[in-house]
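Structure first, then comments.
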Amino acid sequence: MKKISLLIPVYNEEETLYSLFNEVSIVIKNLLTYDFEILFVDDGSADKSLSIIKELHRKDSRVNYISFSRNFGKETAMIAGFDYVSGDAVIVMDADLQDPPNLIPDMIKYWEEGYDDVYAKRRTREGETWLKRYTSHAFYKILQKLTQIPIQEDTGDFRLLDRSAIESLKMMREKQRYTKGMFSWIGFSKKEILFDRRPRQAGSTKWNYMKLFNLALEGVTSFTTFPLRIASIIGIIVSIFSIIYMLIILIKSLIWKDPVQGYPSMMVTILFLGGVQLVSLGIIGEYVGRIFNETKHRPLYIITEYNNKKIYDGGKM
Ligand code: UDP
Ligand code: MG
């Protein structure tokens with residue numbers, strides 16, 4: 001019998017875990033021809049999430065869990081999950097019931113038809129402000145242009161991945177992860193299904209604009225070095241203009257004996273160039289920072305517990 005793993009990253013979701021488990025159980029009860037595993041990754045929750053997961057594990061042998069030594073973030077929780085799932089396919093879903101479990105049968109159906117990556121695309125973005133919608137749309141457009149890898153818009157991490165895709169993702173061990181880009185990067189045959197994303201059932205989102213901005217930066221800097229090129233291009237353009245301007249000033253003062261004047265123009269030039277230089281330095285710094293983080297060769301995560309067993313696992317390096 002084929003086995004399907006549900007991978008659910010959990011960070012402080014005590015309010016939704018029971019209803020999530022109930023909804024999932026109802027859906028998978030009808031899928032008699034498959035074995036299921038539900039792998040919870042407790043991402044260092046500070047509330048009762050872990051004890052609820054343990055209770056579910058006691059009651060239902062399909063429930064497995066790993067627990068982190070601290071909060072590492074959802075991206076890391078996902079790679080740890082990929083390392084630990086045992087299924088022939090994995091379905092990644094959020095713990096807050098925003099990803100409706102009733103899409104699971106459809107995903108499996110397409111998987112059986114031969115697709116390796118069946119992803120759920122949001123038809124609507126209910127419960128989100130227009131600002132979030134707009135910024136997200138703009139971000140995808142930019143990322144798309146810069147990376148030249150087709151990145152699916154309005155798509156989260158809710159998807160089914162075949163074992164071959166999981167193994168490919170497991171080979172990507174970078175520390176600063178932008179998993180959504182990786183799903184695109186690895187390729188494989190993809191199938192889109194549309195769904196209406198529900199608002200969060202309970203609790204609150206762990207995202208704020210600062211975190212989203214950082215993720216966006218992550219997305220760009222981990223998939224393309226194009227910003228470095230923008231810095232060079234701006235440098236070249238500015239240099240060309242400065243040479244022209246320099247010639248104009250030289251000619252004016254040498255031929256027309258026009259005395260030096262122009263504190264304002266000097267100030268503007270200095271400030272403008274200073275700004276361009278700082279931005280360029282910042283861009284370079286982003287990449288140097290990434291090199292720094294990768295060269296430390298730290299483990300991606302630290303797992304302290306697997307199904308009631310105390311373990312210390314930092315994963316493959
Ligand atoms: N999550 C996690 N670690 C974190 C933040 C979030 O494992 O540091 C999990 C969270 O429990 C949920 C999923 O990632 O299952 C999505 O989080 P959230 O609902 O806050 O994000 P949103 O749906 O608003 O994008
Ligand atoms: Mg959510």
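Computed from a prediction, not measured in an experiment: that's the story for all the values here. We count ligands from 1, going down the list as the structure has it; atoms in each ligand are counted the same way.
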key: Pairwise distance CZ(Phe82) to OG(Ser168) - rounded to 0.5 angstrom   =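 Rounded to the nearest 0.5 Å, the CZ-OG separation comes out at 11.0 Å.
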Expected output: side-chain Ser49 to main-chain Glu13 donor-acceptor under 3.5 Å =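 Yes, Ser49 side chain to Glu13 backbone: donor-acceptor pair under 3.5 Å.
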Once you restrict to heavy atoms under 4.0 Å, what part of [X] touches ligand 1? Side chain, backbone, both or neither.
X     : answer
Glu13 : side chain
Val10 : backbone
Asn71 : side chain

query = Which ligand 1 atoms does Pro9 reach within 4.0 Å, using its non-hydrogen atoms?
reply =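 Every atom of ligand 1 under 4.0 Å from some heavy atom of Pro9: 7 (O), 9 (C), 10 (C), 11 (O), 12 (C), 15 (O).
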ask   = Any N or O of Ala77 that comes nearer than 3.5 Å to an N or O of ligand 1?
value =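 No - when backbone and side-chain N and O of Ala77 are compared with those of ligand 1, no distance drops under 3.5 Å.
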message = Centre-to-centre under 6.0 Å for Phe183 and Tyr119, is that the case here?
response =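 That pair fails the under 6.0 Å test.
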ask   = Can the ring centroids of Tyr301 and Phe68 be said to lie less than 6.0 angstrom from one another?
value =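 That pair passes the under 6.0 Å test.
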request  = Mind telling me whether Tyr34 and Trp111 have parallel, tilted or perpendicular rings, with 30° and 60° as the class edges?
outcome  =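 Ring orientation of Trp111 relative to Tyr34: tilted.
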task = Decide, counting backbone as well as side-chain atoms, whether Asp94 has an N, O or S atom less than 2.8 Å from the Mg ion (ligand 2).
result =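 No, outside the cut-off.
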request  = Mind reading off the angle at the Mg ion (ligand 2) between the OD2 atom of Asp96 and the OE1 atom of Gln98, rounded to 10°?
outcome  =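 Value returned, to the nearest 10°, is 100°.
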ask   = Taking side chain as C-beta onward, heavy atoms only, is Val24 less than 4.5 Å from Pro101?
value =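 The answer is yes; the side chains approach within 4.5 Å.
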